[in-house]
Amino acid sequence: MTSWMQVKVKGLTGSLEVEPLGQNAESLAYVYAINLAKPLPKGEYLTILVDTIQLHASYPKPAYASQTDSHFRVYEADGLLLSPYETTSQRLRFKAPTPSIRSYHISHTLEDLAKEEPVVKSGATVTFGPFKSQPPTATKGFNRTPYRVSVDFEMNIPSLTVVSLNRSVEVSHWGANMNTQDDYMLRNDAPELKGQFSRLDFQMAQHARRMSPVIISAVTLQLPSGAQNPYYFDLVGNVSTSAFRPAAKPSSERAARLGPQNAQLDLKPRYPLMGGWNYTFTVGWDAPLGDSAHWDEKNGRWILAVPFMTPLPSTPVDKAEVRVILPEGATDITVHPPFDVSLMERSTHITYLDTIGRPAFTFHAENLTEVHDGLIYITYKVPLAAHLQKPLAVGIASLIVFSVMWTLKRVDMTIHK
Amino acid sequence: MQQRLLSWLAITLTVLASAWARSSAGDKVLVVSDAKLEAAEYSQFWDGLKNRGYELTFRKTSEEAPATSSFDVPSFSHIIVFAPSTKTYPADISPQSLVHLLSDPTQPTNILFVLQPSTPSSPLRDLGREFGISFPPPATPLIDYFNAVSPSNATSLLLTPPVTPHTPGFNGGDVLYSGVAHLRSNNPLLVDFLNAPPTSFSADPLEPADVIVEVAASGGEGFWAGGRMGLVTGFEVLRGGGRATWVGSLDLFRNAATAINGKPTANNAYALALASWTFQETSVLRIDSVEHRRISESSPRDQYRIKDDLIYRIHVSAYNPATGEWEPTSQIDDMQLEFTMLDPHIRTALSPVQGEKGWYETKFRAPDRHGVFKFIVDWRRKRYTALHSSTTVSVVPFRHNEYPRFLSSAWPYYLGALSTSAAFVLFCALWLLGGNEEEKKKTQ
Amino acid sequence: MTILKLPTFAPSTLTNAASLIRILALAFIAGAAISSRLFAVINFESIIHEFDPWFNYRATRVLASQGFTEFWNWFDPTAWYPLGRVVGGTIYPGLMATSGVIYNILHALHLPVDIRNVCVLLAPGFSGLTAWATYMLTKELKDESAGLLAAIFIGIAPGYISRSVAGSYDNEAIAIFLLMITFYIWIRALKDGSVLYGTLAAVFYFYMVAAWGGYAFITNMIPLHAFVLLLMGRFSHRLYSAYSAWYAVGTLASMQVPFVGFQPVLTSEHMAALGVFGLLQLVAFVETIRNLLASKQFQLMLRWFLIAAGVAGGLIIVGLTVTKTIAPWTGRFYSLWDTGYAKKYIPIIASVSEHQPTAWPAFFMDLHMLIFLFPAGVVLCFKELREEHVFVIIYSVMASYFAGVMVRLMLTLTPVVCMTAAIALSSLLDTYLNVDEPANPDANGVKETATSGAETPVDGTISKKKKKGVAAAAAAAAVTPSIATKAKGRSSAENGIFGIDTRILVIGNAIFMLVMFVLHCTWVTSTAYSSPSVVLASRRPDGSQNIIDDFREAYYWLRQNTPQDSVVMSWWDYGYQIAGMADRPTLVDNNTWNNTHIATVGKAMSSPEEISYPILRKHDVDYILVIFGGLIGYSGDDVNKFLWMVRIAQGVWPDEIKESNYFTPRGEYKVDDQASEAMKNSLMYKMSYYRFNDLFSGAPAFDRVRNQQMPKEGPKLDYIEEAFTSENWIVRIYKVKKEDPLGRDLKTAHAFDGGKRRKPSKPISRRKALAA
Amino acid sequence: MRLLYGVLLLVASLSAAVAQVTHAELVRLAAANNGVIKLNPVLYDALTAPNRQWSAAIQFTALSPQFKCSPCSDFNPSFKSVAKAWSKVHSAERDQHFFATLDFLEGQDVFKRLGLSSAPVLQFFPALEGPSVRPNPQRLEFSYDFSRHGFDAEELAKDLSNHTPIPIPYTAPFNWQPWFFGFTFLVLSLVAGRFAWIYLREIISNRWLWAAATVGLTLVMTSGYMFVQIRGMPYAQHNSMIAGGFQNQFGIEVNLVAALYGLLGASYLALILLVPRIPSPIRQRASVYLWTGILFVLFSILISFFRIKNGGYPFKLLL
């Protein structure tokens, strides 16, 4: 499914605006409208680059593989571009992660359309076409099935999926700290393990450095540079097998210019993730508030920048839910998510010794990738009273308790002496 | 998993789409035979299958392609192992992989084994043993002087198989049979279609007498004779409903056998009938859905209470080869439900519901025993697809507030409690009142 | 005359200062008690320990999430599959209720503490309260200074810490506090014969009943105390009112706990209390009569009537017991008296390690110097034989016997040891800190208290806890002079201690002992009692700590990658952990209520595959979990527990399972070449050593627990297949195969898949067929 | 002479036995001897004939003193009592099952044949023919498992009842002796007490006696007496007085440890109670030093003792 789309005019920077028009009633094609910056004069032409990211576009073949097998996937796609316009020439180029491509297949009808050699494989690339000109294909009568192409290629990188990611970010002005906590639900989308898992074979392979890249025994998270005292646990408690490498201080000013480096957190799941296995875990860390929030003098507001997610390399996120918890008593709040999320809701979150609770914002989004690794900008005001609220509440409460005790101690309740 | 499911779904869809395909499992058939075998001699059989809407693919045992499965996804719905005599098979039709294909729980491949007239090849012998079928020593075909076509060759017999609803299209008549017999083990999954005549025995046709002699010597030990022996035997695997049939005679399928000296035989009809059972056309059943709930309620629970009145419903439908559709059936009259924890606590009959075709139901009261119970329907009849369904629910005891509140037997306790507390109150009152007076006395 | 001029204060200031110091000391003691129990959290993490706590934790989660009524009616279908367990009616809910209440209070105060942390820290928290309760009780026995000493003792005595470190979330965690507070209130009730205190004692007794099965100890201690007082002719109306109040209210209350139900009137454990109750009524009646009319013969008659009635009552109870109207003693209770009983009739109880008798090193380990201060203290109790002292004496006798019989009952011994030891030590300090001197005065006594005061911090600067401990002791010491002067002011004339050096010597020695004690306690706690047996720790060659986390690895794998309803079979030790961490149904668990079910598992484990398989299928077992320490030398594994499985199975199927078959002909327990056939074929053996040889790639495999060399040929499995093995092979999980689709037995099927041919079968002749 | 005599006897017995031993004969023999048939080799063969229509429980034993087989003599009475109980059964069932005993002296060759090296052994022979053959006997010929059931008569009856035609009606004989003696003793002591009451009361109401008893008990208990009792540990082993291992100890350690504890406690008591009462400063000072010294030394001994048990123990005093 399409996760992200960006359109550019060749040679120009800055992308054009794309508006999805939804599914067309009779051609059943999803239609997007691209508004050019200025109308195109007659006779001239313009090159438009459309980038999209498709998630879960390939499937493993065979569906079951043993512990040591290598991992092949099949990518199937339409050989012809669905378009409401006539297409004079088109070509489909497929770039596989490795040159080892087991097979590729093109339908006969498509072969006939080819101008010259229908399919060319060079290295890791397979090129279908170019094909002859086509009438508009996004029409009612058009049947796509005879125009399918497919490539059966080897996958030598792990194919992980984050089934769900729940992030909650809590801002504390008293502690000048921003705590981030992510609940991950991880699934290994490699072909499912055929038969059962054998630790012996696994250890042998490990020992001989012949482990199939499909098996995941560790994941590395890139934390923000200021991250400190991270934690890593799951439903049955702390997972002792994790290593934290704080961000190195920029040695030279050149390094400094490159910007701060990331702190790295190496997570080792309790058990190696075979194909089709799941693993849920929670990681969290603190970061100094100064890194992500700064005080806007002229209109006296805090401006807070929260990363929407911490992406795992080449791992799609099917469902993400990010929750930002502002300090208690924060008022007139404005929120700017990095991209238009599917749902945003406001709630109140009550935690340690709160009286009225803290404003919290929850963002729901689906089908995310690295490109969605953006910042949520939130601006708000915190009056001084709000800062003093907590200590006052605690003080009064304890005062009441003591006074009650004092009175109780001095009330005489004996019947008669 | 999804992919697998999808592919499976796709296949069923295609099956339903091509309405003229008679089988419930699919219409692609692979015929594996020897190189020297003349396919033309069996054309009537092939045509019969083709008319039924099967698309046949022929393959020699010497060839590698087309493979029976690609990446563990079977590429054919049925396989006819047509009397190969070679000692070695390619990997994808080795006994092991054949068994694997046949016993696939989700998408079984049905297999029709046709054996060499005189002696089945050794891999097939071994395979037969796995099914519980054992063959006489090599080169000993079935001999019977009473049912022989002609006294001259006693190995080709005229038999009359029984007419059953499971072999439609075969409406009686003689069948020419010349081949081997086999012995069935007591494996409950075996289905006997055709037995050897009681007067028959298997021996070397050149000097049949020898067998009699040595057997007589050994007191009947190892005498392959009599009606216990099978000629055509069906088999249905435990899970998934895959079917296999062992036919001891190649001639059963031969064109030449359709008429014996002028008189037509029922061979072709019988062969096709066997094929139709093997390829899951006939007597194929399935459980569509299962319901259980309290009688008083409408939706099921995963927890019931002891002594609840429960109702259990199950919907069964049968495959109709004529229309190629699944139709609800109420024909089954001996289905039972077991409410089981370790042992069946309740075993009751599931009777068809009037008016609702395909539905069977029973009402009963949960036993006075808490624990994790299972509704089990396990209906196994020979020649029919086995029906098995097991649903787990837990039966919980009464909640604390569900016990009766006031017991007539407890009145003494109530009275005791009341009187004591009353007396206590009284005592306190008196004591408090009287206390002051005493003090007064003291002060005076 | 005195060796030292004490600055004189107004008595009010003195008492105020003393009370302030007392409060501070108590606070410090509580702090010490709590912090000395946090080793487990510091060394490892905030995790629930061992086995039973995992169930308590799970139950508490249910309680916290679904509320009390749901918990009350909780039927757990995943335990004892497929029998299920009516949890609400088969547990002592006190512990869960306590932490549930705490949890809710904290959340009401907007302190969102995780329920796990509440459970982990419950035991240390209550140990602080225990220290306080012990202080109060000892104060009744002697005075505040003794109370403070007792408090610090109970606070850090390993005997109590062993069951109450952070994370050992078990009933004992709160039970000891309840024990002490109940006893304290009972003593108070007895002292000033107040019905109010008697009722209060009953209330705490009810709490105890709801919290721990060991409540029977109270149920028999208090009646025994009352009875002994009667025998000593110390009947008083104080005793009467206190006991009657306690018994009536307490019994009624205790019957409200579903798990207890009508036991208090139907079982022998509780008959003593009932009998004494009746006896007291009689005696009271007789006393009143006697006071009213004073004829000699009549009184004689009364006495005889009393005796007769007592005997009659006793006979009635005995008779009811014989006629089984009153249930006889339960096995666990009975095995305390007839020590051979358990091993013979209830091997499950005997198989538990903490039900073994106690050797003397365990006593010294858990109580150190207190163990020999204990008798001294008892003697001092005899010296002034007030009612509470009688109580302590009975307690000490009973508890020391029980502790000798069962290791786990060391727990009940510890408090009384602490109290008596405190009495002894504080009287020593009283004597030697008393500044009065009988005869010729000695001038320079000023630096005595100075030094003794100075010594304390010097000795006490080893570690924080110790400092607190000694500080408390010093506080006690500092408090004593005031009282001492008051107490011994008069008696100082005839006897006392001469000179300073003697004082310094004795006090110094005492303080030195205390320091030793604190060191000992710290060492024992940190090394012996602070490991959560869920996570194992080993030392790498370079000395760094290496965490072995196989249990959680395997459990978590089960939780994440197996169907929710797949049944796991394991030996009962691991039932609670699987339920808690893997969240899967189990056949048997640590609540060992159904011997047959456990024996079934034992049989499945100790039989050959083809015999076990039907059992496994009948119980819908999907996975089997075994613990195997042979690779890294974890001695607590299933092969070492195997004999108990065999024994328990033999108890039910004596004809099929025989313990002797699992030994070598020479009667040794071996797993190597000489292992008996029954051993080699048993499922347990096969699952433990399956593919163990391959790991050594040619070299002969070696079991590091049994220290035996494994046979060349490893075991083969036909009916089950290896599903998961943890990193250090400690946990091995096997999957039970489905029946063969062709209806063969799985052995043949396996052989066929391996490409083996079967030998052809021949038809049997008719005649034979008929014969057979 | 005696040898000849013996031979004669043997011949005689043989000739007697050669006369075919019938079922009736067996019944008679059983009845003659409280239901236990005294066997000789011939009778043995007859009783365990392959065509036997009865079952039999045979006790192989060696009762004659020169074998010093104490278990034999332990087990024999219970076997007898069970057999006696069986002989009470109605003859219809009784004659379907026999109890018999074969002493080593009479049947050495039988012992050899069965390869019996130890006694006692109780072998059960089920019926092989006739009406009383069990349809599917739980166990065929088996030997009674002493290790499990012990020598107790009730256990024996319980186990055999699964195999005899009807359960053995065995009830443990009520043992009057101890009750009788107990009762008489009670009465006597009561009478004596009545007369000696004045002195007796002194003793009973002497708190220090009770104190001594209590302290003694606690000391014994806290030094692992019950452990030794339950585990049946030896008093000491010739080579070592101290058992290795933390959870282990010998009988002698109870005494040692109890003594240590006692002395330590005593010295504390001395410091608390006795010392202050000493009037003269010198003697008092001396005793203070003395007791404290004792205290210190004993304590260090105790610790070193503990170090033997628990090697990892880090603390030590003088030694």
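Side-chain atoms are counted along with the backbone in the values below, which use heavy atoms only and exclude waters and symmetry mates. So you know, we letter chains A, B, ... as the sequences are listed, proteins then strands, and number each from 1. Quantities reported herein were computed from a predicted structural model and do not represent experimental measurements.
- Proximity to chain D is absent for every atom of Met232(C), based on heavy atoms less than 4.5 angstrom apart.
- Of the atoms belonging to Thr358(C), it is backbone heavy atoms, and not side-chain ones, that fall under 4.5 Å from chain D.
- Contact of Trp210(D) with chain C is made through backbone and side chain together, with heavy-atom distances under 4.5 Å.
- Chain C forms more heavy-atom pairs under 4.5 Å with one residue of Ser267(D), Gly216(D), Ala212(D), Pro314(D) than with any other, namely Pro314(D).
- With rounding to the nearest 0.5 angstrom, the CD atom of Glu253(D) is 15.5 Å from the OH atom of Tyr225(D).
- Note: Phe299(D) and Phe364(C) have tilted aromatic rings, judged against thresholds of 30 and 60 degrees for the angle between ring planes.
- Looking at Leu271(D), the atoms closer than 4.5 Å to chain C (heavy atoms on both sides) sit in the backbone and in the side chain alike.
- Ring centroids of His225(C) and Tyr395(C) are separated by 6.0 Å or more, keeping the two rings apart.
- Of the residues considered (Met513(C), Gln356(C), Glu659(C)), Met513(C) shows the highest number of contacts with chain D, using heavy-atom pairs under 4.5 Å.
- The aromatic rings of Phe382(C) and Trp208(D) lie tilted to each other, with the angle between the two planes from 30° to 60°.
- With respect to chain C, the highest number of heavy-atom pairs below 4.5 Å among Leu302(D), Leu219(D), Asn310(D), Val215(D) belongs to Leu302(D).
- Atoms CE and OG1, on Met398(C) and Thr412(C) in that order, are 11.5 Å from each other to the nearest 0.5 Å.
- Heavy atoms of Leu373(C) lying under 4.5 Å from chain D belong exclusively to its side chain.
- Residue Ser280(D) touches chain C through its backbone alone, counting heavy-atom pairs closer than 4.5 Å.
- The contact between Leu317(D) and chain C is made entirely by side chain atoms (from C-beta outward), counting heavy-atom distances below 4.5 Å.
- Considering only heavy atoms from C-beta on, Phe663(C) stays 4.5 Å or farther from Val646(C) through its side chain.
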Check the pair Phe305(D) / Trp360(C) against ring-ring contact (aromatic ring centres under 6.0 Å, His included), numbers first and verdict last.
CA-CA 11 Å; Phe305(D) 197 1; Trp360(C) 76 266; 4.9 Å; yes
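- Annotation: side chain of Leu263(D) is not in contact with side chain of Ile294(D) (no heavy-atom distance under 4.5 Å).
- The candidate from Leu425(C), Thr527(C), Val378(C), Val397(C) with the greatest count of non-hydrogen atom pairs under 4.5 Å with chain D is Val397(C).
- Neither the backbone nor the side chain of Ala403(C) comes within contact range of chain D; no heavy atoms are under 4.5 Å apart.
- Ranked by heavy-atom pairs under 4.5 Å with chain C, the list Gly312(D), Ala211(D), Ser205(D) is led by Ala211(D).
- Proximity of His368(C) to Phe315(D): side-chain heavy atoms (C-beta onward) are nowhere separated by under 4.5 Å.
- Both the backbone and the side chain of Gln247(D) come within less than 4.5 Å of a heavy atom in chain C.
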